[in-house]
Amino acid sequence: MGYVTAEAPTRVELATCVQCGLCLPHCPTFRLTGLETASPRGRLMAMSAVLEGFAEVDDVFVEIIDFCLGCRACEAVCPGLTPYGRVLEGARAEIATQHPTPSRRLRRWVLGRALATRGFVSAATAVAAVVQRLGATWILPAAVRRSFTGLRPLAGRERWIGRSAEPVADPLGTAALLAGCVMDPWFSSVHEATVGLLRRAGYRVVVPEAQTCCGALAAHDGHASEARRMARRNVAAFAGFDLIVADAAGCSAHLKEYGHWAGDVGGAMAERVRDVTEVVAELIADGRLPRSELPRGPVAVQDPCHLRHAQRVVEAPRTILRAAGYEPVEIDQDAMCCGAAGTYAILRPDTSLELGRRKADQVRAAGSTVVASANPGCEMQLRSLLGPAYRVAHPVELYWEAVVEMAGRVPAEVDR
Amino acid sequence: MSLQTDLIGLLGTDRVLASGLDRYLYGKDAGVYRGEVTVVALPETTEEVAEIVRIAARHGVPVVPRGAGTGLAGGAVPLGGGVVVATTRMNQIFEIDAANRCAWVGPGVINLDLSRAAEPYGLHFAPDPSSQSACTIGGNVANNSGGPHCLAEGSTVNHVLGLEVVLADGDVLVVGGKAPDPIGLDLRGILVGSEGTLGIVTKALVRLTPNPPDVRTLLITFDSVEDAAATVSGVIAAGLVPAALEMMDQRMTQAVENWLGAGLPTDAAAILLAEVTGDTPAVEAEADVIRAVATEHRAREIRLARDEAERALLWKGRKSAFGAVAQAAPDYYLHDTVVPRTKLVETMREVYEIGERYGLTMMNVFHAGDGNLHPLMMFDASEPGALERVHAAADELVELCVRNGGVLSGEHGIGKEKRDLMHLMFTPVDLDAQARIKEAFDPEGRFNPEKVLPAGSRCFDFGRPIPEGAWI
Amino acid sequence: MSVADAFRSFTRASAELAAVVPPAETVLAPSGVDELAAVMQAASDVRARVLVWGGGTHQGIGHRVAPDIVVSTSAFDRVVAWEPDDLTLVVEAGAKVDTVEAMLADRGQTAALPEWGGPATVGGIVAAAISGYRRLRYGPTRDRLLEVTIVTGDGRVVRGGGRVVKNVTGYDLPRLVAGSFGSLGVVVSVCFKLWPLSGGSATVAVDDPVRAAETLFRPVALLETPDGAYAYLAGTEAEVRSEAERVGGAVTEGFVWPDPPSGETVWSLRVPPALVPDGIGRLPAGWSFVAEHGVGHIRCAGRFDPEAVAELRGWAEEMGGAFVLEDADDDRIYETVDPWGTPPTGLTLQRRLMAAFDPAHVLVPGRLPGGR
């Protein structure tokens, strides 16, 4: 039957793979299993096999494609420039259409609808906060229990969506912040640091009310029409802003691909999107944000895949941490995935745990109890495995603390 | 019981793959051939490999070993079905013996992983094929892999001290060891480069080489390919064997630069990457020799890598060249031949002429210091007749190199690709002798059949005339 | 047909040569490859035991062979092709090591063949896989062997390898032939990879050769004899000077090689490289030796003492090495001690390989380990 949707991997895309195999050692699932079928080259060949009519979108194909973390480490090392992340989402869209299991239907609703609905997320957060406060994790499904323990305290967080804040330095322009589906209710202190730093550098910060979830999780799972709908909504919500900032690496990576999800207007928006680490590192380099003289000791740097591999941002978080007075410690020269990988931690808990343990071991070996990670999924994974003796935080949070300390006070109260 | 059932009995369902898609994925390496797989087995121990070989023998099916599948000559592509033994899970480094500068490793250990593991001891594994970040030691041993730094350090065979190998009857044999010059016939030498046709290597004792105290890497730009080639010949003739001496022509440089952005000169007709290693006075002096020879041959620019980061970037560009080709055309065909270094200039000229004659874009990136050419032809397989033209041009390339005193392959192996060209280099008597070696190891032809030697090689009966064309 | 009859028509060796080889029915010196092939064919036909003779310098290695005929390679002494600009040399097997090296040295090159070559022939050095002192830098002889042509036991002329520095075309026949002691065929010509000789070279006395092995990058050799230890350095003059200073010790310009040890018996002790100091310490009192640090080889010589030999061999084999008799004043010693020691595993396979080249088993029968 081959492929049936417009999202399907194309012949031109797949032909960029010449099977050289340079991706293999960078693939976490290949490293774990040694299987060709668990390697990027194998997955691309499987996609080609369906395209050429040698295989179908059946259980075997689904297993091959779904075992992928979507970390895109392969893409970063591919000299043939194979658009792996794109064709993976295309293959998943085919699976979602041709092979819609109950679990996938549920995910289509959760990732494609519920996350885009603020009320739903708020209600879920409220329930989760109660569970968290009571320590009643036993009532949660086993698959989410571990991830849950990686959450920050949920209670009492204020949402940023719909707010704006004036600059506290020479005006530099306006920056729009992606609130995010769960960033806002669960990780609002990252937003606080982001907004604080942008203001301090001279930006007026706006968090547009009309925005929604970026759609990354829906896209990764193959729910293309939902992902497109979310992308279109955000294109409208962020129209007119010259700088659009996201402070979750998974979100910034996805926003940068809006050209695919929302056509030309999406592409125009994508060009204005930056991850917060890129922006802040540049502001530090420009002297608009300060460098701390106070040494704060080592910090282990965990590179989120969608920052390092998808966006190729490597230096920025390190620059920021150095400016905060930390001494960045490298934990993994290959920057292999920590196993969180969005919904992967819930869908494939065993593989996720194995990769997470490796990452946690790398952190422990680095000899620092502070870990910097620029993505919420990675943060939860690391916190759940490292336990309370370790502090896991976003690099801009660590830097913001240093900036506040340098200033001796919290900059002017955020405008409502 | 079926073959599959027996294998599952040994390895469990996780390590035996037999679905249509599994078999499709294992039916190909990094080259152009697709074969036919009956079942894939993923052993983890020597004993499992031995038992797989016995099971295969019981069922009368071939056994084809496979590492990372980065080979280009079809060596790991099973031609007539059979059990593909993927060694990727045999990836243990058993011992790093720094005092004796060697390591016992599983065949599935990735080349670069070994060098990384040896780094704390100031050692590395010298053979560095361009695929070194992915290819396995087992594959290196099977193909006697080379790499840029084999110019001074020699190919894999010079770095294999011992091997543990499963033979055709399932027996396990250990040859060589940490002491030099093992007594009896040196079976290491014949096993290395045998492309899985004589046995399956289950452990290798490899030499580790001290990391050089200092290094100089030069990027030299030329306005003509011939000047670059003449520089290579000139450097060797000047009595210098650099650590590496690599060449890339313009099209290849452009493809690499497009991906890497390393600041390679995309307007140059050819670039040379030259590296010398050793103590500081030595590398300074040797770099001067190379500069002088290059200048004499009209080098436009000579750039010295400033630091380790720039050096690493230049090498990354060189080693990713083949993959980068995918940007230029949907398909490519890569050759691997060697000519004496004194014949580089004229051979290169003829290589481009062949490309023009067949209307094929020819790109070149190769180990110039060894005379090891890698002409690469771009084409689109979906275009009618394209593949035929490529094959015809490829055969002509090989003939050209042999005519110029060269050989069929310098490091990629014969596999299926060049099997039927062996007669260009060897007489029927030579081939018969090779076939007898194969027969001594593997009388039933169990291991990787139809590779290396053309069909009918073992037809030479001494004293009787050979039927004409029988070995072609 | 008697053995003598079978070989009547072939070229005889000189009387001088016939006087030094072991007693045999006939001593031949075939004039060319075709004649050699005919000789071998005849030998196979009449099942005549053949001993191949080059310079006779390493005939002491291995079990004794009582030959019916001795075949000398003395007529094969031409330089076939020397490509100085490609650093390759094709030379016939009977060429003398010293002659070849002297010729190469004129153009500043070397094949890194044994420094004590003397009358040794290229073919003999290859057949016995003997490496010179410079192997620490240039690798063992088998690493520099690019191509080989042999005449098999049944008279086939077989070539393997190629005349370029990098080659994976077909099975690596040259490596199989290296160290085969003539059991696969008579070596008639070989191609070597050459190395340029460096501008500067020096022999430097060192106190601690083990430390020198760790600190020096690619020394040419690190030898120790009862008289002391020396580092052999090569490179640009500046490089040699700076390295020599680093090692510290009396410097002599150029290479001063030790004489090979001699005595009632000569042995080759092969152990993992790090065990060389231990090996030196275990040598019987009064033995002379040249130890190659970094290589794991100690050539040693002295009075034959069965007990000491057994002890040393036991240790070497336990360490994964060997203790091989290379020469003895009296052939009877070969009857009291196995010249090789414990044979390697896989003898059946070795036997089958020999049969592939020498189906009638006429070439040096019994000379190799296990009496094969």
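Residue numbers start from 1 in every chain, and the chains themselves are labelled A, B, ... in the order their sequence lines are given, proteins ahead of strands. Bear in mind that the values here come from a model prediction, so they are computed numbers and not experimental data.
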Original post:
In chain order, what residues pass the salt bridge (Lys or Arg N to Asp or Glu O under 4.0 Å) check against A:Arg357, with sequence neighbours excluded?
Top reply: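 Scan of A:Arg357 (salt bridge (Lys or Arg N to Asp or Glu O under 4.0 Å), adjacent residues dropped) gives none.
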
**OP:** Please list, chain by chain and in numerical order, all residues satisfying salt bridge (Lys or Arg N to Asp or Glu O under 4.0 Å) with A:Asp275, sequence neighbours excluded.
**Re:**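 Partners of A:Asp275 by the salt bridge (Lys or Arg N to Asp or Glu O under 4.0 Å) criterion come out as none, since no residue qualifies.
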
Subject >> Option that, when pairs with chain B are counted at under 4.5 Å, heavy atom only, ranks first among A:Cys17, A:Gly80, A:Pro79 >> reply: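 Top option by heavy-atom pairs under 4.5 Å: A:Pro79.
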
Which answer fits [X], side chain, backbone, both or neither, if we ask what part of it has an atom under 4.5 Å from a heavy atom of chain B?
X       : answer
A:Val77 : backbone
A:Leu35 : both
A:Cys78 : backbone
A:Phe30 : side chain

Original post:
Most heavy-atom pairs under 4.5 angstrom with chain A, which of B:Ala86, B:Gly31, B:Gly69?
Top reply: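 Looking at each of B:Ala86, B:Gly31, B:Gly69 in turn, B:Gly69 comes out on top.
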
Using a plain distance cut of 3.5 Å, could you tabulate donor-acceptor pairs between chain A and chain B?
unit_1   : atom_1 : unit_2   : atom_2 : d
A:Gln19  : OE1    : B:Lys28  : NZ     : 2.6
A:Arg31  : NH1    : B:Asp113 : OD2    : 2.4
A:Arg31  : NH2    : B:Asp113 : OD1    : 3.1
A:Arg31  : NH2    : B:Asp113 : OD2    : 3.0
A:Thr33  : O      : B:Arg89  : NH1    : 2.7
A:Gly34  : O      : B:Thr88  : OG1    : 2.5
A:Glu36  : N      : B:Tyr26  : OH     : 2.7
A:Glu36  : OE1    : B:Arg66  : NH2    : 2.9
A:Arg41  : NH1    : B:Gly69  : O      : 2.6
A:Arg41  : NH2    : B:Ala68  : O      : 2.5
A:Cys78  : O      : B:Trp259 : NE1    : 3.0
A:Pro79  : O      : B:Gln327 : NE2    : 2.9
A:Gly80  : N      : B:Gly323 : O      : 3.4
A:Asp334 : OD1    : B:Arg116 : NH1    : 3.3
A:Asp334 : OD1    : B:Arg116 : NH2    : 3.0
A:Asp334 : OD2    : B:Arg116 : NH1    : 2.9

**OP:** List the atom of A:Ala49, the atom of B:Leu21, and the distance in Å for their closest heavy-atom pair.
**Re:**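 The pair with the smallest heavy-atom distance is CB-CD1, 3.8 Å.
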
Subject >> Nearest heavy atoms of B:Ile110 and A:Pro25, plus distance in Å >> reply: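 That closest heavy-atom pairing would be CD1-CB, 3.8 Å.
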
**OP:** Report the residues that fulfil side chain to side chain contact (heavy atoms under 4.5 Å, CB included) with A:Ile284, sequence neighbours left out, ordered by chain and then residue number.
**Re:**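 For A:Ile284, the residues satisfying side chain to side chain contact (heavy atoms under 4.5 Å, CB included) (neighbours in sequence not counted) are A:Val280, A:Leu289, A:Arg291, A:Ile320, A:Ala323, A:Tyr399.
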
Original post:
Given a strict heavy-atom distance threshold of 4.5 Å, which part of B:Leu17 is in contact with chain A: side chain, backbone, both, or neither?
Top reply: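 The side chain, not the backbone.
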
